[in-house]
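Just so it is clear, the model here is predicted, and its values are computed rather than measured. Side chains are part of it too, since the values below use all heavy atoms of this structure and drop only hydrogens, waters and symmetry mates.
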Amino acid sequence: MLPKKIIPLSLFLCLLTSLTACSGSPGLADRFAANPALKPNSDQNTPTQPPAVSGNPSDAIPIQIPRYSNATLLPSEQQITPEQGTTRWTSPDNVNAVESFYQEQFQSNGWQILQPFTPGEPENAIIARQEGLQVRVTLLPSPSATEFTIDYQQESVAVESPTTNSTSPTPVEFSDSNSIAEPLRQPIADLASLGILTPSPPASDRFNPSATLTRREYAKWLVSANNTLHENALGKQIRLGTKDAKPAFRDVPTNDPDFAVIQGLAEAGLIPSALTGDTSAALFRPDALLTREALIEWKVPLDTRKGLPTATLDSIKETWGFQDNAKIDPKSFRALYADFQNGDQANIRRVFGYTTLFQPKKPVTRAEAATALWYFGYQGDGISAHDVLQGQNSQNLSQN
């Protein structure tokens with residue numbers, strides 16, 4: 001047996017021999033070579049950029065948002081930051097358990113609930129706000145496990161509403177125009193050229209035509225489209241609400257980034273509110289998804305420019321003849337009946353084509369909402385985004 005004190009020296013000589021023998025092998029030599037990517041300790045202690053968020057996407061989600069403990073975050077290609085994000089979760093628990101958890105958490109922890117859960121609606125979601133952070137939890141239909149999304153956004157990065165009466169909209173060109181269905185492609189291109197439409201997500205160059213949009217977003221598009229197409233007809237423009245006005249809706253206070261637009265629509269009587277005598281419309285639900293019947297109900301009065309005709313369920317059956325007439329909110333009957341009288345320029349015909357199903361509670365896509373705004377008018381007397389573009393082009397040619 002060798003003495004213990006000789007073993008370390010023997011190992012050292014063996015290792016040195018191996019390294020010398022393999023000096024021609026770049027693979028082994030590289031393993032022991034200094035890493036040029038490494039910096040001295042002094043440099044590592046003074047980074048030039050702030051440290052990135054942990055590799056776990058859930059680490060970026062604000063800690064004040066309640067988390068259901070028995071839920072798993074699903075993978076997503078969407079970017080999640082501390083300022084905003086859309087996350088999707090799954091849980092083996094009953095949907096009622098998830099709903100009760102978030103309802104209780106928001107109520108007991110100082111959140112302002114802008115919209116409670118509405119079971120039975122196409123979008124069962126709760127919207128709450130706390131210290132500038134707005135959160136929407138949406139329960140999704142699923143045959144097995146419970147799935148839900150959590151959308152959040154700091155109000156400091158919220159997209160400001162367009163000041164449609166004071167600045168000129170900025171034309172945009174979307175990178176995904178080819179993904180828009182052919183019948184809707186040109187109307188959307190016209191509106192984009194007029195700067196009426198906004199990208200999705202906001203900081204991108206994409207239109208995302210198949211995505212849904214909120215009532216808040218449609219309200220902004222509606223006001224912008226109407227005022228842009230009627231730029232030379234002040235009597236047809238929608239005036240924005242002012243900060244000293246009493247809010248028409250409890251969930252759209254004066255500090256809401258889109259208060260001016262939504263308040264303006266309410267004061268013009270274009271959307272149901274207490275101002276129109278609808279005591280059940282105390283909430284606007286700005287971040288709920290826009291439905292087909294809401295699209296028609298808000299848009300048609302800007303086509304007719306006069307009081308809507310009296311209409312009943314029988315009126316809708318005799319005109320449109322939808323198979324799902326019974327599912328339509330009676331508040332929409334008058335707008336639907338007037339829209340039918342608009343012939344080929346009816347919003348339903350232009351947006352949805354021929355259909356025997358209205359699906360009134362179905363969320364509207366961005367492409368569908370935009371197409372409805374391409375034309376304003378009634379029974380042959382109207383104006384389109386294409387007309388406005390032609391007028392602008394003719395004016396530019398005459399100036400040159």
Inspect the surroundings of [atom1] in [X] and state if more than 12 heavy atoms from other residues, nucleotides or ligands are less than 6.0 Å away.
X	atom1	result
K243	NZ	yes
L234	CG	yes
Q107	CD	yes

Thinking salt bridges, do [X] and [Y] make one under a 4.0 Å N-O criterion?
X	Y	value
D256	R129	yes
R216	D258	yes
E182	R185	yes

Decide whether [X] and [Y] meet the rule of one side-chain donor and one side-chain acceptor closer than 3.5 Å.
X	Y	result
D303	N347	yes
T242	D244	yes
S91	W89	no
E99	Q103	no

- prompt: Between F106 and Y102, what is the ring plane arrangement, given parallel below 30°, perpendicular above 60°, and tilted in between?
  reply: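 It falls in the tilted class, 30° to 60°.
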
- prompt: Should the ring pair F207 and W221 be called parallel, tilted or perpendicular, given that the plane angle runs from 0 to 90° and is split at 30 and 60?
  reply: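 The arrangement is parallel - the two ring planes meet at less than 30°.
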
field: Sole candidate of S200, P199, S179 that passes side chain to side chain contact (heavy atoms under 4.5 Å, CB included) when paired with N208
entry: S200

message: With side chain to side chain contact (heavy atoms under 4.5 Å, CB included) as the test, pick out the partner of W374 among L184, L194, L229, D190.
response: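 Going through the options one by one, the only one that passes is D190.
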
Flag this pair as yes if the NZ/CZ of [X] is under 6.0 angstrom from the six-membered ring centre of [Y] and inside a 45 degree cone about the axis; otherwise no.
X	Y	result
R305	Y378	no
R349	F340	yes
R350	Y375	no

- request: Would you mind reporting whether L313 and P330 have side-chain heavy atoms less than 4.5 Å apart?
  value: no

- prompt: Ring centres of W298 and Y218 under 6.0 Å apart?
  reply: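 That pair passes the under 6.0 Å test.
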
